[in-house]
Amino acid sequence: MLAAAVRSARAPARAVARQQARALSIPVNHVVRGAEFSVKDEPRAEKADAIAAELNTKLTQAVGDGYVGYNRFVCKAKWDYKVFYEFSNLDAFGKFLKGEQKGHFDEAVRKFQEVAVDGKVHEQNFVFDKKH
């Protein structure tokens, strides 16, 4: 019984070690911060486009060279809306998270919530590699 308790106590540490080892196999080149939500119709998607473009302008001015730009995806059949803001490396993304730029993103998310169905906006970060 004691052996089982010891194995059980070690399990979380092994799981963390496996996750850390796996994370090393995926390179962190570019990083994107995304917002995903659904809109009711095309006029609301157009409002979301204006919000996305406004944030792009603010990030371009605030982050500088570390900010690459943004990509927007809209499914016109289901009105799913996704926008991803790209940073050239982890350092630039870290600068974004610690600076006033993160406040610009949070403000845009609040505006996205106003056009989103049920006010729900999912935010997520991804590592990103360009495969041309």
Side-chain angles (χ1 to χ4, degrees):
M1 187 156 123
L2 179 60
V6 170
R7 279 194 307 273
S8 178
R10 290 183 185 157
R14 286 192 305 268
V16 168
R18 281 193 308 272
Q19 288 174 344
Q20 289 173 340
R22 271 197 315 256
L24 296 175
S25 66
I26 298 175
V28 179
N29 294 321
H30 293 245
V31 180
V32 297
R33 173 81 172 176
E36 304 176 38
F37 51 96
S38 294
V39 293
K40 185 178 178 180
D41 51 25
E42 189 146 0
R44 290 177 197 220
E46 290 171 348
K47 288 180 183 178
D49 277 350
I51 296 163
E54 178 184 12
L55 177 57
N56 178 62
T57 300
K58 289 180 179 179
L59 291 178
T60 298
Q61 294 168 351
V63 178
D65 292 339
Y67 176 66
V68 176
Y70 77 110
N71 291 291
R72 183 267 285 146
F73 303 86
V74 178
C75 174
K76 292 186 81 170
K78 294 186 177 183
W79 291 112
D80 289 335
Y81 191 102
K82 299 180 183 195
V83 61
F84 297 96
Y85 295 88
E86 182 182 346
F87 299 86
S88 61
N89 55 53
L90 193 56
D91 289 337
F93 184 69
K95 178 182 174 185
F96 157 76
L97 288 177
K98 293 177 184 170
E100 67 182 40
Q101 306 87 345
K102 177 67 168 64
H104 295 317
F105 189 88
D106 293 341
E107 177 186 343
V109 168
R110 285 189 291 277
K111 291 178 181 179
F112 286 143
Q113 289 171 333
E114 293 173 8
V115 298
V117 173
D118 298 327
K120 295 180 182 176
V121 175
H122 174 73
E123 300 173 58
Q124 192 168 359
N125 305 322
F126 293 91
V127 296
F128 172 71
D129 289 317
K130 292 183 180 186
K131 308 285 184 183
H132 296 281

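Residues take their numbers from the sequence shown, with the count starting at 1.
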For Asp106, look at atom CG and say whether over 12 heavy atoms of other residues, nucleotides or ligands are found less than 6.0 Å away. yes
Nearest 0.5 Å please: distance from the CZ atom of Arg44 over to the NZ atom of Lys47. 6.5 Å
Check the pair Phe73, Glu36 against side chain to side chain contact (heavy atoms under 4.5 Å, CB included), reporting the backbone distance first and the verdict last. CA-CA 9 Å; Phe73 303 86; Glu36 304 176 38; over 6 Å; no
List the residues meeting ring-ring contact (aromatic ring centres under 6.0 Å, His included) with Phe87, not counting sequence neighbours, and say none if there are none. Tyr67, Phe93, Phe96
Where do Trp79 and Ala45 come nearest, in terms of heavy atoms and distance? CZ3-CB, 4.0 Å
Single hit among Thr60, Val32, Val83 for side chain to side chain contact (heavy atoms under 4.5 Å, CB included) with Tyr70: Val83
Please collect all side-chain hydrogen bond (donor to acceptor under 3.5 Å, both in side chains) contacts where either partner lies in residues 85-97, sequence neighbours excluded, each pair once. His30-Glu86
More than 12 heavy atoms from other groups under 6.0 Å of NZ on Lys102: yes
CZ on Arg33 to CD on Gln101, rounded to 0.5 Å: 13.0 Å
For Phe128 and Asn29, run side chain to side chain contact (heavy atoms under 4.5 Å, CB included): C-alpha distance rounded to whole Å, both residues' side-chain angles, the deciding distance at 0.1 Å, then the answer. CA-CA 7 Å; Phe128 172 71; Asn29 294 321; over 6 Å; no
With a 4.5 Å cut-off on side-chain heavy atoms, are Phe37 and Val115 touching? yes
Are Pro27 and Asp129 packed together at the side-chain level, in the sense that at least one heavy-atom pair is separated by less than 4.5 angstrom? yes
In short, Ala52 meets Tyr81 closest at the heavy-atom pair CB-OH, 3.8 Å
For the CG atom of Asn56 and the NE2 atom of His104, what is their distance to the nearest 0.5 Å? 12.5 Å
Quick one: does Gln61's side chain get under 4.5 Å of Leu59's, heavy atoms only? no
Inter-residue atom distance Lys82.NZ - Gln124.CD, 0.5 Å rounding: 9.5 Å
Please round to the nearest 0.5 Å and tell me the distance separating atom CG of Leu97 and atom CG of Asn125. 6.5 Å
When every non-hydrogen atom of Ala48 is compared with those of Phe112, the smallest separation belongs to O-CE2, 3.5 Å
Carefully, step by step, assess Arg110 and Glu114 under the rule salt bridge (charged side-chain N to carboxylate O under 4.0 Å, His left out). CA-CA 7 Å; Arg110 285 189 291 277; Glu114 293 173 8; over 6 Å; no
Hey, does Phe126 have a side-chain heavy atom less than 4.5 Å from the side chain of Phe84? yes
Look up atom OG in Ser38 and atom NE2 in His122, then write down how far apart they are to the nearest 0.5 Å. 12.0 Å
Looking at residues at least two apart in the chain, or sitting in another chain, which of them share a salt bridge (Lys or Arg N to Asp or Glu O under 4.0 Å) with Asp49? Arg72
